[in-house]
Amino acid sequence: MEEQENSPSSSIDSSSHPPISSSSSFYTTRRALSTDLQLGLSLSTSSFQESSPTERTESLFVKVYMEGIPIGRKLNLFTQDGYQSLIRTLQQMFRTTIVYPDVCQNPSTTANVLTYEDKEGDWMMVGDVPWELFLTTVKKLKITRADKC
């Protein structure tokens, strides 16, 4: 046992070497860039170097379901400018017609309306509250037939 204490490897003091850590600033920076690129966010070089992870623009992904389609899709609401942009995107995504709540008085058989579930579990018509409030309360979106509204 004394031979191990006198061996060259035991004479190295591990406290004199910095610990190897996976949370180095290079690793964190690289991971942040990778995540942003996967989300489709564009980054300028200056904002990338100066921003910390808490200052980065976050995403707000919600699931979108359509009546009659069993699989939902995810949508980042922070990429939308407002309700018109959201409805236009969903019309292209689901290849359907979505009418605004004020047009819902005479629904056609092919028209759809957009509803959302808020944090309290209530289903509301999209467009009933200001866009900023909508972004803070929305949990999921659902496209339903207009004749059911």
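Residues take their numbers from the sequence shown, with the count starting at 1.
- Not a single ring-ring contact (aromatic ring centres under 6.0 Å, His included) links Y65 to another residue, sequence neighbours left out.
- The shortest distance between side-chain heavy atoms of T115 and M124 does not fall below 4.5 Å.
- Residues S59 and N76 have side chains that never bring a donor and an acceptor to within less than 3.5 angstrom of each other.
- Of the listed residues (L77, V129, V126, D118), just one forms a side chain to side chain contact (heavy atoms under 4.5 Å, CB included) with V138, and that residue is L77.
- For the atom pair OG1 (T96) and CG (N112), the distance works out to 4.0 Å, reported to the nearest 0.5 Å.
- For E117, the side-chain contact (heavy atoms from CB on, under 4.5 Å) criterion is met by W123, K139, K140, not counting sequence neighbours.
- Note on residues 62-74: pairs passing salt bridge (charged side-chain N to carboxylate O under 4.0 Å, His left out), not counting sequence neighbours, are E67-K148.
- By the side chain to side chain donor-acceptor pair (under 3.5 Å) test, T97 pairs with no residue at all, sequence neighbours left out.
- Annotation for Q80 and T89: closest pair OE1-OG1, 2.9 Å, computed over non-hydrogen atoms.
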Would you mind writing out the side-chain donor-acceptor pairs for residues 130-137 within the sub-3.5 Å range, not counting sequence neighbours?
unit_1: T136; atom_1: OG1; unit_2: L133; atom_2: O; d: 2.7
unit_1: T137; atom_1: OG1; unit_2: L133; atom_2: O; d: 3.2
unit_1: T137; atom_1: OG1; unit_2: F134; atom_2: O; d: 3.4

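- The distance from the CZ atom of R145 to the CE atom of M66 is 10.0 Å, given to the nearest 0.5 Å.
- Note: M93 CE to L86 CG = 9.0 Å, rounded to the nearest 0.5 Å.
- With sequence neighbours excluded, the residues forming a side-chain contact (heavy atoms from CB on, under 4.5 Å) with V64 are L75, L90, F94, L141, I143, listed by chain and number.
- Interatomic distance, CG of D122 versus OH of Y116, reported as 9.0 Å (0.5 Å rounding).
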